[in-house]
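This report concerns only the one structure given below.
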Amino acid sequence: MKLMRLITWNVNSLRARLPRVLALLERHQPDVVCLQETKVTDDLFPRAELEAAGYQSLAHGQRTYNGVAILSKVAPRESGRGLDDDSDDEQARLVWARFEGLTAISAYVPNGSEVGSEKWEYKLSWLARARSLLDRRFDRGEPLALCGDLNVAPEARDVHDPDRWAESVLFHSAARDALAQVRAWGLVDAFRLHHEEGGLFSWWDYRMLAFPKNHGLRIDHVLVTEPLAKRSRDAFIDRQERKGKQASDHAPVVVDFEG
DNA sequence: ATGGTTGCTTAGCAA
């Protein structure tokens, strides 16, 4: 049975991570890859190197911060950049592509810095604007995956120490509620269709030996509509990718779909 | 308890 493999990964600089991205493509042979924190303008995007590896690039980047992209074996039929509303927001945090049998959205939700800060308010409003984009531009009846570093751990089992993280921007109830409003559009967590247990994380702080201690959070997600959920066959987090020198602080999340 | 690390860009910010 033919499987379609989808990966989401916050690379924390595509140029710094390019050798690891190329190795990931070789190792997993994904059909579509959603990247976040590429930190590169579109004119400097390593398009040629990725094309040599057999992938098309759809980039939406900026200098130093943010930046998202979608890599794919086939060209998308349709694509778009940004939240497509009337704000003058210049942060490059969302790109989407429609393929035969899959619409993929690569999103880098704002971290939020500190609860109560301006960046925190931006995070909450960004999530509301993302919900509005789904309402306006997409159909919950289409096979769609909202992928990315959503910077929210949905549940206590997604956090190594929920009490300690309860007031943090990554696990605060207001952030969880805002993400729940996005999901309420009609999305389910593809990873949780295949794994119930806690202790499975996608991000570990570079500091304090967080990775060897497994002091992590599950903040990178593949959220899918019902037609895609039905086709979901497996999901896993590629923890190997977090090991060694020049690792991103995030691990890729891999999901396989039928067809 | 405010440590510790990485990346971009060059000393300070963001995560």
Side-chain angles (χ1 to χ4, degrees), chain A residues 8-24 34-47 49-50 59-69 89-95 106-127 130 147-154 158-172 174-176 178-179 201-221 237-253:
Chain A
T8 186
W9 189 20
N10 178 325
V11 291
N12 185 18
S13 171
L14 179 55
R15 285 177 293 178
R17 218 66 62 208
L18 186 58
R20 278 181 175 260
V21 171
L22 293 171
L24 179 91
C34 293
L35 301 176
Q36 301 86 38
E37 276 206 272
T38 54
K39 297 185 178 180
V40 61
T41 50
D42 297 351
D43 57 319
L44 295 176
F45 196 91
R47 195 170 298 278
E49 293 90 332
L50 292 161
H60 181 41
Q62 65 182 90
R63 200 176 90 108
T64 312
Y65 305 117
N66 308 324
V68 286
D89 192 349
E90 288 178 0
Q91 298 194 30
R93 294 182 175 275
L94 187 143
V95 65
S106 182
Y108 176 46
V109 173
N111 170 287
S113 189
E114 302 279 340
V115 172
S117 67
E118 197 170 315
K119 288 175 183 173
W120 166 247
E121 296 304 326
Y122 176 67
K123 175 181 196 165
L124 298 179
S125 70
W126 198 96
L127 283 162
C147 307
D149 177 0
L150 304 188
N151 263 322
V152 181
D158 300 314
V159 182
H160 77 90
D161 183 346
D163 292 337
R164 186 177 131 191
W165 285 83
E167 298 305 316
S168 82
V169 292
L170 302 180
F171 189 53
H172 193 281
R176 293 158 65 191
L179 180 61
F201 307 130
S202 66
W203 169 82
W204 302 259
D205 199 300
Y206 279 128
R207 300 163 289 185
M208 301 296 287
L209 301 173
F211 181 65
K213 293 177 176 172
N214 199 31
H215 289 178
L217 282 76
R218 197 175 68 89
I219 57 176
D220 299 87
H221 304 291
I237 295 168
D238 183 6
R239 283 180 55 94
Q240 286 300 120
E241 187 51 62
R242 184 60 177 76
K243 298 177 181 174
K245 295 283 185 194
Q246 279 88 49
S248 170
D249 45 352
H250 295 252
V253 180

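Letters go in sequence order (proteins before strands), and every chain restarts at 1.
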Rounded to whole Å, OH of A/Y65 lies from P of B/dT6 at a distance of 19 Å

By the 4.0 Å heavy-atom rule, please label A/Y108 as base, sugar-phosphate, or nothing.
sugar-phosphate

Taken to the nearest whole Å, CH2/A/W165 to P/B/dA1 is 18 Å

Side-chain contact check for A/K119: nearest option of B/dA14, B/dA1, B/dG7 is B/dA14

When rounded to whole Å, the CZ to P distance for the pair A/R164 and B/dG3 reads 14 Å

Counting only side-chain N and O atoms of A/R17, is one of them less than 4.0 Å from OP1 or OP2 of B/dG7?
yes

When A/R207 and A/R63 are each assigned the nearest nucleotide of DNA chain B, the 5'-most assignment goes to A/R207

Ranking B/dG7, B/dG4, B/dA15 by distance to the side chain of A/M208, first place goes to B/dG4

Subject >> Inter-nucleotide P distance (B/dC8, B/dG4), Å rounded >> reply: 23 Å

Between NE2 of A/H215 and P of B/dA15 the distance, given in whole Å, is 23 Å

Rounded to whole Å, the NZ-P distance (A/K39 to B/dA14) equals 12 Å

So side-chain hydrogen bond (donor to acceptor under 3.5 Å, both in side chains) across residues 161-172 of chain A, not counting sequence neighbours, yields A/H160-A/W165

Atom NE2 of A/H250 and atom C1' of B/dA14 are separated, to the nearest Å, by 12 Å

Given the options A/E241, A/K245, A/Q240, A/K243 meets side chain to side chain contact (heavy atoms under 4.5 Å, CB included) only with A/Q240

Please check: side-chain N/O of A/R93 versus main-chain N/O of A/A107, any donor-acceptor pairing under 3.5 Å? no

Using the C1' atom on both, measure B/dA15 against B/dT2 and round to a whole Å.
15 Å

Between CG of A/N66 and C1' of B/dA14 the distance, given in whole Å, is 10 Å

A/L14 CG to B/dG7 P, in whole Å, measures 13 Å

dist A/H60:NE2 -> A/L35:CG (nearest 0.5 Å) comes out at 14.0 Å

When every non-hydrogen atom of A/V159 is compared with those of A/A153, the smallest separation belongs to CG2-CB, 3.5 Å

Checking B/dC8, B/dA14, B/dT6 against the side chain of A/Y206 (C-beta onward), the nearest is B/dT6

